[in-house]
Amino acid sequence: MFCAKMISVKEYLKGLNGKQKEAALHTKGPLLIVAGAGAGKTKTITHRILNLIKEGVPPQKILAVTFTNKAAKEMRERIISLLGGENALPFVSTFHSLGVHIIKENARLLGHTKYFTILDEGDAASLIKDVLKELGVDPKQYDPKRIRNIISREKGKFTHPEEYEVSAEGTIGKIVARVWHLYEKKKMKENALDFDDLLLKAVKLLKENTEVRKIYQERWEYIHIDEYQDTNEVQYLMSKLLCGDKHNICAVGDADQNIYSWRGANLKNILSFEKDYPDAKIIMLEENYRSTQNILEAANEIIKKNKMRPDRNLFTKNKTGEKIGLYGALDEADEAEFVATKILEIMDSAPEYSSRFPRQPGELAQGFTLDISQGSNHAISGSKPATKSSSGLSEIAVLYRANFQSRALEEAMLRYNIPYQVLGVKFFERKEIKDTLAYLRAALNPDSLSDIKRIINFPVRGIGKATLAKIFAGQKDALPAKTLLKVNSFYELLGEISEKVKTSRASEIIKYVIKKSGIENELLLGGEEDIERLENIKELATLALKYDNLGDGAGVEKLLEDASLASDQDGLMINQEAKVKKGASAVKLMTVHASKGLEFRHVFITGLEDGLFPHQRRGERDGASDREEERRLFYVALTRAKEKLFLCNAQFRTIFGSRSINAPSEFIADIPSDLLEREGESSGIKTIYL
DNA sequence: CCATAATTCTTTTTT
DNA sequence: AGAATTATGG
């Protein structure tokens with residue numbers, strides 16, 4: 001119905017290409033946007049939302065769901081900038097926080113309070129461990145994490161525990177069935193939900209309760225689902241239930257970028273979109289605006305080798321660009337050294353940075369301690385904080401398959417005085433942060449045993465295992481008088497905190513907790529490490545300032561929610577805001593998974609060794625599809641780069657403290673050699689052996 | 001109950 | 001290699 005004339009009228013869509021415009025203008029009925037890497041996916045979706053609003057749809061009627069907080073944040077910001085000063089905004093959320101939202105509004109229906117505790121994977125695994133012990137199963141023989149994974153996978157498939165019990169096979173299956181049952185019971189008793197529950201319970205509500213379903217279907221008339229290829233069964237059901245009969249669903253995705261099948265992501269969802277919504281409009285975005293032709297060609301060659309994929313190719317009008325650099329390193333230290341020196345070279349080639357870095361590795365800033373565990377943002381003391389021109393550094397990313405690889409890279413960055421930031425150090429998973437938050441959670445949810453367990457004897461109060469067991473068994477009166485006194489004063493403390501929560505702002509409460517609990521005193525007495533921990537908690541208080549305007553009580557509640565749902569990158573993002581704001585720009589180190597959705601002028605892909613990338617995992621799952629997933633992962637890595645790409649592999653790598661020899665990844669050989677260019681060999685390959 | 005010593009993991013990717 | 005968990009003795 002819309003003709004060229006009408007399109008031309010919409011000034012605000014003029015930055016889009018034909019296909020993108022078509023997508024933005026298709027507002028009624030189901031729409032699938034198949035968007036290749038760098039094809040302007042977010043731009044299209046945000047403009048579509050803009051168009052809806054311009055056509056008169058109230059912003060609150062629009063929902064956009066993403067996978068990560070970072071993606072949600074970016075989308076929100078881009079919508080805000082498109083809308084200008086408008087005050088009402090669409091509801092942009094991750095799947096998990098949408099789940100929390102729905103559950104909180106209906107907590108009673110599920111037998112929970114709105115202060116339910118969210119268990120992270122660690123909490124969940126330790127709860128499973130307790131369950132195993134209770135059932136008389138040796139947790140060493142049956143790894144709690146593994147059991148947790150199996151349960152998680154089943155929950156992601158929307159399997160009922162009873163259903164599973166019937167179909168469970170083998171010894172493990174039987175054990176899982178028993179554990180699962182008790183695990184659910186315990187969570188209920190603790191008023192706690194695991195990550196899967198956040199989606200599952202929300203879907204159950206929507207599915208089984210007509211009124212609830214109606215409320216949300218009416219609340220949101222237009223829904224958008226980002227990264228549709230990564231949805232699992234539960235998320236798929238959620239999207240379906242939310243869009244109801246109106247079918248105003250816009251899904252965006254790219255089958256080639258499905259890298260989460262190990263988490264239950266089901267390609268079927270995107271591949272059978274047309275079956276689910278027969279009147280669906282499908283739009284393919286195949287022009288890449290991000291990368292040079294060389295980079296894109298390499299990526300196309302890599303992904304072509306997968307069998308299970310749509311037949312299509314991205315193209316670009318960008319220039320040919322430089323060749324892809326290739327470096328065969330001796331070991332991980334050599335590899336890291338190469339990366340570091342290359343980064344300096346890159347910075348040197350931009351004249352405005354040339355004076356910033358020391359030329360020799362020896363010129364280190366004095367008094368700088370090497371502290372890998374902290375990760376985060378190491379703007380080097382002694383080197384001037386980078387100013388406006390320093391954005392160059394943040395245009396560089398170093399990618400790797402597994403988190404442990406960051407270590408060697410960090411050491412090199414420190415030696416060469418290159419400011420860097422590691423995405424993957426989970427601020428909210430640090431012990432001191434978890435401890436502090438546990439006080440708040442326990443105060444709000446007195447049933448939360450996992451939180452109480454964590455803090456009842458930290459700082460040391462002389463309440464040990466035996467005492468704990470008695471309390472949990474409801475036999476407080478069986479305690480010796482002296483112990484009872486300690487226990488009571490602990491619960492009084494929780495009571496005081498809970499009172500304080502109702503009457504104070506988030507940042508104040510954090511300070512209150514560390515004082516009253518004795519955490520502060522404890523850490524002040526400790527060594528250097530403890531002081532650093534205290535600093536981290538203070539950072540938490542700073543971060544909490546942002547929640548102060550939500551009002552007394554509500555601020556803490558939201559802070560706790562965000563803390564539970566913050567992934568590593570998000571967590572760090574928040575963590576860093578304070579530091580980065582000062583203008584420090586840094587090279588980014590992260591896993592390939594974490595890099596999805598991002599782009600950088602210069603990208604290093606490290607650890608391209610057989611067994612590491614593609615990663616060799618132990619059996620269990622179907623090898624062929626795993627291999628294809630590794631390939632998709634490499635494809636994602638390649639397509640992050642805009643201008644220059646470096647590939648590195650190391651002959652030797654130390655894993656678990658012992659050195660292993662690795663052949664270069666097959667991926668390197670899969671790239672046409674005319675796209676590659678050797679960056680020189682490491683010295684001494686022949687001489688050093690062991 | 002707690003501090004220290006000994007032992008056993010860890011490393012795939014994440015909401 | 002280093003962290004984390006568990007065993008041991010006070």
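All heavy atoms count here, side chains included; hydrogens, waters and symmetry mates do not. Protein chains get the first letters and strands the later ones, always in sequence-line order, with residue 1 at the start of each.
- Across all strands shown, A/Phe95 has no heavy atoms under 4.0 Å from either base or sugar-phosphate atoms.
- Using a 4.5 Å heavy-atom cutoff, the side chains of A/Leu633 and A/His615 are not in contact.
- When distances run from any side-chain atom of A/Arg263 to the nucleotides B/dT11, B/dT14, B/dT12, the shortest one goes to B/dT14.
- Residue A/Asn403 places at least one side-chain N or O closer than 4.0 Å to OP1 or OP2 of B/dT14.
- Taking every side-chain heavy atom of A/Thr467 into account, B/dC1 is the closest of B/dC1, B/dT15, B/dT14.
- For A/Lys157, the salt bridge (Lys or Arg N to Asp or Glu O under 4.0 Å) partners at least two apart in sequence or on another chain are A/Glu154.
- In terms of phosphate contacts, A/Ser658 brings no side-chain nitrogen or oxygen within less than 4.0 Å of OP1 or OP2 of C/dA1.
- Here the C1' atom of nucleotide B/dT14 and the CG atom of A/Leu633 are 13 Å apart, to the nearest Å.
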Check: protein-nucleotides 2-4 of chain B nitrogen or oxygen pairs below 3.5 Å:
residue, atom, partner, partner atom, Å
B/dC2, OP1, A/Gly462, N, 3.0
B/dC2, OP2, A/Asn457, ND2, 3.2

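- Using a 3.5 Å distance cut-off with no hydrogens or angles, the side chains of A/Gln229 and A/Glu227 do pair a donor with an acceptor.
- Following rounding to the nearest Å, A/Glu561 (CD) and B/dT15 (P) show an atom-to-atom distance of 15 Å.
- Summarising the geometry, the separation between CZ on A/Arg153 and C1' on B/dT13 is reported as 12 Å, rounded to the nearest angstrom.
- Base contact: A/Glu121 has a heavy atom under 4.0 Å from a base atom.
- Judged by centroid separation below 5.5 Å and plane tilt below 30°, A/Trp262 stacks onto the base of B/dT13.
- Residues passing the salt bridge (Lys or Arg N to Asp or Glu O under 4.0 Å) test with A/Glu522: none are found, sequence neighbours excluded.
- To the nearest whole angstrom, the two C1' atoms, one in C/dG2 and one in B/dT13, are 22 Å apart.
- Summarising the geometry, the separation between CZ on A/Phe428 and C1' on B/dT15 is reported as 14 Å, rounded to the nearest angstrom.
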Please write out each protein N/O paired with an N/O of nucleotides 4-6 of chain C under 3.5 Å, distance rounded to 0.1 Å.
residue, atom, partner, partner atom, Å
C/dT6, OP1, A/Lys129, NZ, 3.1

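- Ion pairing between A/Lys453 and A/Asp130 holds under the 4.0 Å rule for side-chain N and carboxylate O.
- The listed nucleotides are B/dT13, B/dT15, B/dT11; the one nearest the side chain of A/Thr94 is B/dT15.
- Side-chain contact of A/Gln257 with A/Asp254: a donor-acceptor pair under 3.5 Å is present, judged by distance alone.
- The separation between A/Lys596 atom NZ and B/dT14 atom P is 12 Å, rounded to whole Å.
- When heavy atoms are screened at a 4.0 angstrom cut-off, A/Ile655 is found touching base atoms of the nucleic acid.
- Evaluation of the ring pair (Phe, Tyr, Trp, His ring centres under 6.0 Å) rule for A/Tyr635 yields no partner, not counting sequence neighbours.
- Contact of the A/Ser239 side chain with the A/Phe95 side chain is registered, since non-hydrogen atoms from C-beta on lie closer than 4.5 Å.
- Every residue meeting the salt bridge (Lys or Arg N to Asp or Glu O under 4.0 Å) condition with A/Asp230, not counting sequence neighbours, appears here in chain and number order: A/Lys596.
- Salt bridge status for A/Asp123 with A/Arg441: present, with a side-chain N to carboxylate O gap under 4.0 Å.
- Residue contacts shown for A/Phe195 include a base, since a base heavy atom lies under 4.0 Å away.
- Across the protein-nucleic acid pair, A/Asp226 atom CG and B/dT15 atom P stand 14 Å apart, rounded to whole Å.
- Stacking between A/His615 and B/dT12 is present: the aromatic ring centre lies within less than 5.5 angstrom of the base six-membered ring centre, and the two planes differ by under 30 degrees.
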